[in-house]
Amino acid sequence: MISSLQLYDRPLGLMTDLYQITMVHGYWKLKMTEREAVFHLAFRQHPFDGGFTVACGLGGVIDFVRGLRFGEDDLAYLATLCGDDGKPLFENDFLKYLGELKFTCDVDAVEEGTIVFPHEPLVRVQGPLLQCQLLETAFLNQINFASLVATKAARICLAAHGEPVLEFGLRRAQGMDGAVTASRAAYIGGCAATSNALAGKIFGIPVKGTHAHSWVMCFANESEAFDAYAQAMPNNCVFLVDTYDTLDGVRNAVKAGKKLCAKGRKLQGIRLDSGDLAYLSIEARKILDKAGFQNAAIIASNDLDEDIIRSLKEQGATIGVWGVGTKLATAYEQPALGGVFKLSAIRQEDGNGGEGGMGGGWLHKIKLSEQLAKTSIPGILQVRRFKIANEFRADMIFDQLTSSTPSSAGGIIVDPVDDTRRKTLPSHATTEDLLVPIFRGGNLVYTPPTLETTRKRLQDQLAAFHPGIKRVVNPHEYPVGLEKNLYDLRHKMILQARGVPE
């Protein structure tokens, strides 16, 4: 298996927004480059009106950090950029600094395949302010889209009730890199295979595919086309039967299948790609079974998603394998997860904790909004998941600087957007802290699991949550809250920032 970085034969330092580089230039000019800071990446709302989100994209984050550098041509390009006075936007000494930059941050993250919820940090970055800032855009780019597709895949696979789902989205995906990312994320989300041969090579994902309508149209008739394909690819015979008349196509597939059997081969199945999939699958199953092909699979495609799959099952469709393309690889209903990357703590310049500062000279930082859901959470954060009797019961977001939580399992959590919703967590619960070390001092200390292990992690996670969060319609809201000390600190900082007396 090769790294996804091999998609790009160049340094990736410029994989960022210009405003990140202008801020970094400002930090450099004001001699703030080494001031220690903490940022968190989180999201505010589940995609697809769902009850859960699948964390994904850490593999891309790791690849980006390991390859983070500015090449000579990158620096030469930046030197051509000008401000509104026509003079260079960046000083030459700053560009030299970028060229010599070495990554030294600590990064902690939630492992891929973990079920996560709004406001929980998925990634925490701690280190020199300048370096942290350079990571924002790329981290969001990697986490947002991958988590979106992995979540969509998990929803589709849940709707399929254990039947294989094949990811067929390459031709409709957002570019080559988007397609490869989508294939990987969909596999983590539960898909059994992909049609994307490059993703198969890079990540070791199983690949599936036989023929399209154009194959059938190249021959005098459908029977001749099926026989020709069986001759050319006798060990890969799934016939696409809807080029002309679907049920006639099934009968022609049966004829070709009998010829295959006579040669010691087998008809693996048929694919339906248009029409009334419920009716056609039922009738196709009758034809196949009557001909002795009870084990031949009926595969369906044609703009499927979790809602359509659920509906087809309710109609009695006899489809056993689901090919899902556009609506999976593009996360059709929701184009972005909406993740954010916010500064939450920064060191006092003199090392002393001033107003709002806590242990070790840290200053807590908060970003306000007219919407409480968009007000950030200050501190150096961790997420603790509580489990009782093999079921996850609640998550606590706590600040490692101020909370007493690390010494005990229990505590009180307060909903981040509704302080009337509070929950006392039992001290006898087993717990797991979700953010784990990935980089320390710029060095990778995490051994990424195989994709198979990550897929299994997701399935184990889903099994440990109440079924209500997995409902497609009106899912249950899993309890997530701020540890009481953190809630009190955040509330105090909001009042102080707005000049409101306590």
Side-chain angles (χ1 to χ4, degrees), residues 3-30 32-35 37-43 56-83 88-107 109 121-148 174-178 180-181 335-344 346 367 376 438-439 442 444:
S3 166
S4 60
L5 275 180
Q6 295 187 26
L7 279 174
Y8 308 95
D9 186 22
R10 58 165 298 107
L12 295 178
L14 289 184
M15 183 61 183
T16 189
D17 295 300
L18 180 62
Y19 76 80
Q20 307 288 8
I21 304 177
T22 60
M23 284 194 291
V24 162
H25 180 260
Y27 297 145
W28 172 83
K29 196 162 186 177
L30 297 174
M32 296 172 61
T33 57
E34 297 303 312
R35 190 174 180 185
V38 178
F39 288 76
H40 294 90
L41 186 155
F43 65 98
C56 195
L58 178 58
V61 163
I62 291 172
D63 283 347
F64 175 80
V65 171
R66 295 175 70 187
L68 177 57
R69 62 187 179 87
F70 292 86
E72 291 185 8
D73 58 335
D74 298 327
L75 301 176
Y77 166 72
L78 291 174
T80 68
L81 302 182
C82 296
L89 198 58
F90 304 113
E91 298 178 26
N92 286 333
D93 285 347
F94 168 69
L95 298 179
K96 181 180 178 182
Y97 174 89
L98 284 186
E100 297 172 350
L101 185 65
K102 302 295 183 184
F103 180 72
T104 60
C105 289
D106 294 345
V107 177
L122 308 189
V123 181
R124 184 180 73 219
V125 182
Q126 180 173 338
L129 176 60
L130 180 147
Q131 295 182 33
C132 293
Q133 195 73 66
L134 276 176
L135 300 177
E136 176 176 358
T137 298
F139 276 24
L140 287 168
N141 174 270
Q142 292 297 314
I143 297 292
N144 276 336
F145 180 63
S147 297
L148 197 67
Q174 275 84 347
M176 289 186 288
D177 53 350
V180 170
T181 298
L337 178 62
V340 294
F341 189 84
K342 297 299 181 185
L343 175 69
S344 60
I346 193 167
K367 178 258 179 190
S376 65
I438 308 299
F439 288 91
L444 183 65

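By convention here, the first residue in the shown sequence is residue 1. What you are looking at is a predicted structure, and each value in this text was computed from that prediction instead of being measured.
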Chemist: Short question: side chain of Asp74, backbone of Gly71 - any donor-acceptor pair under 3.5 Å?
Modeler: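 Answer holds: yes.
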Chemist: Take Ile62 and Phe439 through the side chain to side chain contact (heavy atoms under 4.5 Å, CB included) test and state the conclusion after the steps.
Modeler: CA-CA 9 Å; Ile62 291 172; Phe439 288 91; 4.2 Å; yes
Chemist: Report yes if the side chains of Phe70 and Leu14 come closer than 4.5 Å at any heavy-atom pair, otherwise no.
Modeler: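 The answer is yes, as the side chains (C-beta and beyond) meet within the 4.5 Å cut-off.
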Chemist: Kindly indicate, with the supporting measurements, whether the criterion side chain to side chain contact (heavy atoms under 4.5 Å, CB included) is fulfilled by Asp93 and Trp28.
Modeler: CA-CA 10 Å; Asp93 285 347; Trp28 172 83; 3.7 Å; yes
Chemist: Is any side-chain heavy atom of Thr137 closer than 4.5 Å to one of Met15?
Modeler: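 They are not in contact (no side-chain heavy atoms under 4.5 Å apart), so the answer is no.
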Chemist: For atom NZ of Lys29, decide whether the heavy atoms of other residues, nucleotides or ligands shown that lie under 6.0 angstrom number more than 12.
Modeler: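 No.
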Chemist: Please walk me through it: do Tyr27 and Gln131 pass side chain to side chain contact (heavy atoms under 4.5 Å, CB included)?
Modeler: CA-CA 10 Å; Tyr27 297 145; Gln131 295 182 33; over 6 Å; no
Chemist: Give me the atom names and distance for the closest heavy-atom approach of Leu58 to Ala109.
Modeler: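 What the structure gives for the nearest pair is CD1-CB, 3.8 Å.
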Chemist: Compare every heavy atom of Thr181 with every heavy atom of Ala146, then report the nearest pair and how far apart it is.
Modeler: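 For Ala146 and Thr181, the tightest heavy-atom pair comes out as CB-CG2, 4.1 Å.
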Chemist: Less than 4.5 Å apart, any side-chain heavy atom of Phe39 and any of Val123?
Modeler: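 No, side chains not in contact.
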Chemist: Check whether any side-chain heavy atom of Lys96 lies under 4.5 Å from a side-chain heavy atom of Asn92, and answer yes or no.
Modeler: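 Answer no - side chains too far apart.
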Chemist: Quick one: does Leu98's side chain get under 4.5 Å of Leu78's, heavy atoms only?
Modeler: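 Leu98 vs Leu78: side chains touch.
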Chemist: Tell me whether the rings of Phe139 and Phe341 are parallel (<30°), tilted (30 to 60°) or perpendicular (>60°).
Modeler: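 Geometry flag for Phe341 against Phe139: perpendicular rings.
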Chemist: Is there side-chain contact between Leu68 and Phe64, with heavy atoms separated by less than 4.5 Å?
Modeler: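 They are in side-chain contact.
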Chemist: Can you find a heavy atom in the side chain of Ile438 that is under 4.5 Å from one in the side chain of Leu444?
Modeler: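 Touching, per the 4.5 Å side-chain cut-off.
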Chemist: Going by heavy atoms in the side chains, are Phe94 and Ile21 under 4.5 Å from each other?
Modeler: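 Yes. Closest side-chain heavy atoms under 4.5 Å.
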